There are 2 protein chains.
Amino acid sequence: MAAGASGPRARYREQTRAEIKQIALGQLAEGGTAAVALTRIAKEVGLSGPALYRYFDSRDALLSDLIRDAYADLGAAVDAAARAYPADGTRRARLQTLAAAVRAWAVAEPHRYLLIEGTPVPGYTAPPDTLDGARAVLGPFLACFEGAEPAAAMRPLVQQMAQWAAEDAAVGAWARSGVGAGGEGTALAGAVLTWTQLHGAVGLEVSGQFRGMGHDGGTLLTVQMDALADSFGLDRPSQRPHRPPVL
Amino acid sequence: MAAGASGPRARYREQTRAEIKQIALGQLAEGGTAAVALTRIAKEVGLSGPALYRYFDSRDALLSDLIRDAYADLGAAVDAAARAYPADGTRRARLQTLAAAVRAWAVAEPHRYLLIEGTPVPGYTAPPDTLDGARAVLGPFLACFEGAEPAAAMRPLVQQMAQWAAEDAAVGAWARSGVGAGGEGTALAGAVLTWTQLHGAVGLEVSGQFRGMGHDGGTLLTVQMDALADSFGLDRPSQRPHRPPVL
DNA sequence: TCGCTTCTGTTAGAGACTATAACTAGAGGG
DNA sequence: CCCTCTAGTTATAGTCTCTAACAGAAGCGA
């Protein structure tokens with residue numbers, strides 16, 4: 001819908017914007033957020049300095065666009081994983097699959113993941129779409145908690161989430177999009193916990209803080225998700241042969 | 001040892017350095033890492049521009065110092081909580097207490113916490129003391145897992161950690177400083193999981209990504225730590241009345 | 001006490017970057 | 001076919017990091 005492309009001019013404009021963003025991504029990959037400089041982008045794209053301001057209001061606007069794209073991309077990856085997951089699979093395995101999809105995307109594009117989940121340090125500009133983006137990524141996780149039976153330890157959070165779903169109609173509807181009515185609190189609690197643990201595990205791994213430690217990020221995440229599945233009583237743990245995934 | 005203070009000159013130097021750091025902390029609190037500017041610090045401290053380079057080699061050096069201090073401070077807070085915790089208390093409650101101490105520090109000084117756990121975006125300069133700092137913060141958590149009996153889901157991670165402790169003598173000794181011999185893998189796994197989940201929960205809360213969601217950070221962290229304690233078989237869950245902590 | 005050394009501070013300036021202002025040429029649309 | 005709006009230009013202001021060259025003063029040993 002955003003296309004529009006009312007004429008050849010708009011088309012060319014979109015093309016230039018895309019080129020700018022691509023070069024920005026390159027700089028991001030090389031030196032992090034701080035390395036994204038409009039002047040250098042301009043030089044590389046063959047324009048001169050201020051011309052870029054025809055395409056992006058400011059450096060922050062460009063970064064916000066990159067964040068938006070990254071969220072969309074990650075969301076698509078999770079969505080694809082959810083779509084590919086067999087309908088008759090266990091909820092536990094679904095949770096593992098989706099979590100692994102997030103991690104795989106993050107490991108493949110560390111800089112973009114840091115852009116998303118990173119602390120809003122650069123210009124302290126909290127992009128407002130962050131919430132929507134996170135919600136889109138998290139959506140497919142809701143269904144993992146269909147009919148879950150959370151352990152006692154989970155109760156306080158489940159209660160708070162149920163109340164939230166009751167007070168905010170949009171949130172309630174969103175939660176019900178993943179699980180049947182009545183399970184909103186559980187599903188929201190599960191999704192938020194998943195998000196939090198993903199943020200912790202993947203964020204630390206991607207930012208290199210696990211280097212030199214005796215474990216690999218995949219195992220850590222698998223273990224965490226497994227424990228989370230236990231906490232929500234997802235399926236039977238049954239017999240889990242524990243060979244760590246070969247990364 | 002670091003004192004030295006061989007003369008009045010060194011004393012004055014230390015004083016000026018402290019003043020610079022304090023002003024930098026103020027700027028950090030107002031606008032994040034990006035807002036810390038040497039020129040403005042100089043203006044505020046009554047010096048002129050390049051004079052600051054007599055006290056810090058570069059802007060990054062100043063930030064590294066702030067990071068070092070923050071780690072030390074957080075470590076001290078955790079240590080104090082550990083020291084204040086009764087020797088005959090349960091390991092589960094100890095875990096909750098230490099985790100709450102970390103969160104309390106982070107909530108009280110969000111900018112400094114973000115400086116620590118934040119992604120290395122600004123200059124992409126990974127300060128090498130990060131590892132030591134994290135280890136100091138994590139140390140007191142080791143003892144929470146004394147004699148723990150990890151659930152099946154934890155096994156892969158425990159195994160990896162045990163191997164790590166076996167291969168790296170220093171790590172093994174560190175782990176044994178918290179728990180008796182034989183429990184290294186379990187303790188390390190517990191500590192790393194705690195760190196990861198703390199990072200996730202506290203980082204998201206402090207960076208404001210929970211705003212507008214129907215839960216409070218304290219409950220989320222409590223629930224997570226409780227589930228973690230379950231996963232490691234710490235004490236008896238017994239009867240937990242679940243009133244959420246009033247924040 | 002004298003004089004050397006070292007430390008602390010200064011101004012000047014190079015270089016990178018964001019962003020605005022004023023202006024120009026040309027492409028599209030009515 | 002002309003008029004307008006757009007995409008580009010150069011010039012410029014202002015901020016920031018960091019280096020260079022230099023000046024004054026405090027400390028220290030003989």
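Letters A, B, ... mirror the listed sequences (proteins, then strands); counts begin at 1. These numbers come from a predicted model, not from an experiment.
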Atom [atom1] of [X] to atom [atom2] of [N]: distance rounded to whole Å?
{"X": "B:Leu52", "N": "C:dC7", "atom1": "CG", "atom2": "P", "value": "18 Å"}
{"X": "A:Arg11", "N": "D:dA7", "atom1": "CZ", "atom2": "C1'", "value": "18 Å"}
{"X": "A:Gln27", "N": "C:dA16", "atom1": "CD", "atom2": "C1'", "value": "13 Å"}
{"X": "B:Tyr53", "N": "C:dA12", "atom1": "OH", "atom2": "P", "value": "18 Å"}
{"X": "B:Glu19", "N": "C:dT8", "atom1": "CD", "atom2": "C1'", "value": "15 Å"}
{"X": "A:Asp57", "N": "C:dT20", "atom1": "CG", "atom2": "C1'", "value": "13 Å"}
{"X": "B:Asp60", "N": "D:dC16", "atom1": "CG", "atom2": "C1'", "value": "13 Å"}
{"X": "A:Tyr12", "N": "D:dA7", "atom1": "OH", "atom2": "C1'", "value": "8 Å"}

Exercise for the section: Check ring-ring contact (aromatic ring centres under 6.0 Å, His included) between B:Phe210 and all other residues, then give those that pass, not counting sequence neighbours. Expected result: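 Testing B:Phe210 for ring-ring contact (aromatic ring centres under 6.0 Å, His included), a comparison that skips the adjacent residues, returns B:His215.
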Handout entry: ring-ring contact (aromatic ring centres under 6.0 Å, His included) against A:His111, all qualifying residues, sequence neighbours excluded
Key = none
Exercise for the section: Select base, sugar-phosphate, or nothing to describe what A:Thr16 touches, counting heavy atoms under 4.0 Å on all strands. Expected result: nothing
Fill in the blank from the handout: Here the residues of residues 36-48 of chain B within 4.0 Å heavy-atom distance, strictly under, of DNA chain D are B:Val36, B:Ala37, B:Leu38, B:Thr39, B:Arg40
Fill in the blank from the handout: By salt bridge (Lys or Arg N to Asp or Glu O under 4.0 Å), B:Arg83 pairs with (sequence neighbours left out) B:Asp79
What's touching nucleotides 24-27 of chain C from the protein side, N or O pairs under 3.5 Å?
| from | atom 1 | to | atom 2 | distance (Å) |
| --- | --- | --- | --- | --- |
| C:dG26 | N2 | A:Arg9 | NH2 | 3.4 |
| C:dA27 | N3 | A:Arg9 | NH2 | 3.4 |

Practice task
Just jot down the side chain to side chain donor-acceptor pair (under 3.5 Å) partners of B:Gln163, sequence neighbours excluded, or say none.
Solution key: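 Applying side chain to side chain donor-acceptor pair (under 3.5 Å) to B:Gln163 gives B:Glu167.
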Handout entry: Residues that A:Arg176 engages under side chain to side chain donor-acceptor pair (under 3.5 Å), provided they are two or more places apart
Key = A:Glu184
Exercise for the section: Any pair with a residue in residues 193-203 of chain A that passes side chain to side chain donor-acceptor pair (under 3.5 Å), sequence neighbours left out, goes on the list, sorted by first then second residue, please. Expected result: A:Glu117-A:Trp195, A:Glu117-A:His199, A:Gln197-B:Gln224
Identify each donor-acceptor pair in which a side-chain atom of residues 65-78 of chain B lies under 3.5 Å from a protein atom, sequence neighbours left out, and give them as a table.
| from | atom 1 | to | atom 2 | distance (Å) |
| --- | --- | --- | --- | --- |
| B:Asp65 | OD1 | B:Arg68 | NH2 | 3.0 |
| B:Asp65 | OD2 | B:Arg17 | NH2 | 3.2 |
| B:Asp65 | OD2 | B:Lys21 | NZ | 3.0 |
| B:Arg68 | NH1 | B:Asp129 | OD2 | 2.1 |
| B:Asp69 | OD2 | B:Lys21 | NZ | 2.9 |
| B:Asp73 | OD2 | B:Arg112 | NH1 | 2.9 |

Exercise for the section: Could you tell me whether a side-chain N or O of A:Arg94 sits under 3.5 Å from a main-chain N or O of A:Pro140, the two making a donor and an acceptor? Expected result: yes
Problem - A:Glu44 (side chain) donor-acceptor with A:Ile23 (main chain) under 3.5 angstrom - result: no
Handout entry: Phosphate OP1/OP2 of D:dA7: any A:Arg13 side-chain N/O under 4.0 Å
Key =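 Answer is yes, contact under 4.0 Å.
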